[in-house]
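The structure appears right after this line, and notes come after that.
Throughout, residue positions are numbered sequentially from 1 according to the sequence presented.
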Amino acid sequence: MNESRYFSVPGSDRRYDRNKLLAVLLIPLAMSLLQVSSVDNLLPAMQAGLDASSSDVQWVLSGYALAVGIVLVPSGRLGDVFGRSGMFVIGLVIFVLGSFACGLMNDAAPLNAMRIIQGIGAGVFSPQVTGLIQQYFDGRARARAFGFMGLVISVSVATGPILSGLFVAWLGDDSGWRWSFLINAPIGLIGLFFAFTLLPFGKERRTIGPDADANEREYVAQESAAGRPAPRKYGSKLDLDPVGMILLCLAVLGIMLPFMASASWRWFMLIGGVVIGVTWVCWEVSYKRRGHIPMVDLDLFRLNTFSSSVGITALQFLGTTSVFVILAMFLQNGMGASALVVGLVGLPSAVASAFAAVWSGKHALEKGWQLQVLAMSLATVAALIAIAVAWYISEGGAVWWLSLPLILLGCGLGCMGAANQTTAMLDVPASHGGTAGGVYQTTQRIATAIGNALVTAVFFAVSSGARTGTSAGNTQWFHAFGLGMTVIAVVAGCSLVATIVALAKHRRAETAEVLVSAEVGA
């Protein structure tokens with residue numbers, strides 16, 4: 001029997017299986033991600049079935065993303081304090097109920113409300129996935145777990161349009177989009193059964209005492225060595241930092257919403273969001289200085305691996321997450337392809353991404369920064385090649401040729417997800433895993449909202465008035481897609497530069513460490 005596969009929790013004689021734990025965590029995560037990528041492909045069917053305007057159904061996407069982004073960090077903190085397994089189950093229950101209700105709605109307004117509930121559920125359980133992996137996996141096992149997490153993310157994003165396209169093709173527009181939501185209910189109920197059966201519901205509160213883990217003790221020692229005493233309430237009293245939670249939720253709302261709304265006042269809201277964000281940072285610093293436990297210990301950003309990885313993933317998500325959005329619009333609206341064809345064009349990318357994520361997870365612990373350089377190089381090159389292929393398609397070529405650069409992109413994104421996640425959490429104390437995971441994912445959500453708004457604005461500005469099926473129209477659609485992909489390539493290139501800088505910094509630190517060790521040995 002492989003002993004490293006099993007673990008126990010304080011107060012229980014039961015031995016838990018890490019492989020089964022990972023499966024329980026990743027299947028709901030896949031469901032939550034499919035609810036983003038699959039809905040991209042369902043908007044025309046939903047608009048027709050609900051007799052709604054394009055702005056009404058657009059909030060089916062925006063409301064979900066906004067809800068997820070707002071609750072990620074507070075939910076991660078609550079999981080760190082009260083127990084991640086319990087918060088995971090609560091989030092999954094909310095998600096299942098929201099999904100079932102979405103499939104029953106007959107009007108855009110209540111559908112959007114249910115999508116927000118669905119997003120809250122996803123935002124509650126998502127950071128617990130990172131936190132539980134951080135808590136119960138170590139070393140190579142943790143890197144492999146993040147590799148499989150990267151696999152799930154990449155495959156979910158790429159296969160969502162295929163699944164929704166199949167539902168619409170088999171069941172028609174109205175039933176097709178409804179079952180894309182309803183299918184989450186039975187899968188979620190099965191997930192809840194296995195969650196109650198296989199997750200460790202032990203004492204997971206942060207404590208400094210006999211049961212404190214090595215990472216937490218090391219964290220307290222580092223605080224003391226840096227002249228920053230551990231909070232005096234640490235481990236003795238619940239300290240949820242409600243003011244910090246409210247400020248951060250308002251800041252995320254103020255920053256994300258302007259990139260999803262169209263009202264003229266939205267930019268004033270963005271300014272307000274930034275001001276509240278700065279206020280939140282000041283509050284968290286002051287709150288800790290006064291001896292309390294802040295919602296987010298901003299000293300996490302003193303960890304080079306965490307801060308560098310968060311910055312790099314922000315740039316990556318600012319660009320690459322918009323690829324499949326403008327791809328669907330270019331092929332469906334411009335070239336007249338069906339939703340199912342669009343999904344199938346992206347299928348090879350999903351397969352490539354899956355293999356790349358697993359391979360990256362095996363090597364991310366030792367070569368995390370090098371893998372990220374490779375990943376962003378592939379993504380940047382793939383975006384540029386896609387522009388050339390799109391020109392060929394606009395001249396009458398088959399749409400399937402776009403699968404080739406998307407395979408390259410899939411390799412890059414699959415590799416990037418596993419490597420970046422592993423390096424981000426490398427030095428994070430296990431007791432802060434949920435909070436750190438929430439910060440990491442919130443950064444990705446904000447970057448995605450900004451990137452989608454930027455790239456789609458460029459696309460729509462160029463494609464406005466383009467007629468499908470005409471030579472001039474095809475050229476205009478190509479120009480829109482090409483300019484959008486150029487923006488994506490530039491942002492991906494910036495992420496590549498940031499990764500190269502981080503790699504150089506990492507190598508300098510390694511060299512300095514070797515020199516110090518040699519001097520001590522001498």
Side-chain angles (χ1 to χ4, degrees), residues 1-31 76 79-80 83-89 91-92 125-156 187 190-205 210-218 353-368 371 414-415 417-434 436-437:
M1 181 172 63
N2 182 5
E3 293 294 327
S4 64
R5 232 181 102 173
Y6 300 91
F7 66 94
S8 58
V9 296
S12 173
D13 296 329
R14 179 178 173 182
R15 291 171 63 76
Y16 293 88
D17 189 321
R18 286 188 173 88
N19 291 349
K20 293 178 180 178
L21 168 69
L22 189 61
V24 170
L25 297 177
L26 294 185
I27 292 175
L29 181 64
M31 291 166 56
D80 289 342
R84 299 172 183 120
S85 298
M87 289 299 295
F88 179 87
V89 167
L92 186 53
F125 72 67
S126 292
Q128 317 313 328
V129 176
T130 304
L132 286 165
I133 291 175
Q134 189 76 359
Q135 183 173 4
Y136 295 116
F137 292 78
D138 293 300
R140 291 182 182 276
R142 181 184 293 168
R144 284 195 296 271
F146 283 133
F148 281 107
M149 184 175 174
L151 179 155
V152 166
I153 293 171
S154 300
V155 172
S156 299
I187 297 174
I190 295 172
L192 284 170
F193 170 78
F194 284 109
F196 280 116
T197 305
L198 300 174
L199 290 185
F201 290 87
K203 294 181 179 180
E204 297 169 297
R205 278 187 56 192
D211 295 330
D213 62 29
N215 281 326
E216 192 62 33
R217 292 180 182 278
E218 181 182 357
S353 183
F355 281 104
V358 175
W359 174 80
S360 178
K362 293 179 180 178
H363 303 283
L365 199 61
E366 298 87 3
K367 301 288 184 182
L371 289 173
C415 181
N420 186 267
Q421 180 89 60
T422 300
T423 54
M425 304 300 291
L426 192 61
D427 300 318
V428 173
S431 58
H432 294 259

Checklist entry - With a 4.5 Å heavy-atom cut-off, do Leu199 and Tyr136 have their side chains touching? => result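 No, side chains not in contact.
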Checklist entry - Hey, are the side chains of Leu21 and Pro200 touching, using non-hydrogen atoms and a 4.5 Å cut-off? => result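 Yes; the side chains approach each other to less than 4.5 Å.
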Checklist entry - side-chain contact (heavy atoms from CB on, under 4.5 Å) between Phe125 and Val89: does it pass, once the steps are laid out? => result CA-CA 7 Å; Phe125 72 67; Val89 167; over 6 Å; no
Next on the checklist: Walk me through whether Leu132 and Leu25 qualify under side-chain contact (heavy atoms from CB on, under 4.5 Å).
Outcome noted: CA-CA 9 Å; Leu132 286 165; Leu25 297 177; 3.5 Å; yes
Sub-3.5 Å donor-acceptor pair from the side chain of [X] to the main-chain atoms of [Y], do we have one?
X      : Y      : answer
Arg140 : Leu365 : no
Gln134 : Met425 : yes
Ser360 : Ala418 : no
Arg18  : Tyr6   : yes
Arg84  : Val129 : no
Thr423 : Asn420 : yes

Checklist entry - How far apart are the closest heavy atoms of Thr130 and Gly433, and which atoms are they? => result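 Scanning both residues, the minimum pair turns out to be CG2-O, 4.1 Å.
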Item to check | Stepwise side-chain contact (heavy atoms from CB on, under 4.5 Å) check, Phe148 with Val358 | outcome: CA-CA 6 Å; Phe148 281 107; Val358 175; 4.1 Å; yes
Item to check | Working for side-chain contact (heavy atoms from CB on, under 4.5 Å), residues Met149 and Phe146 | outcome: CA-CA 5 Å; Met149 184 175 174; Phe146 283 133; 3.9 Å; yes
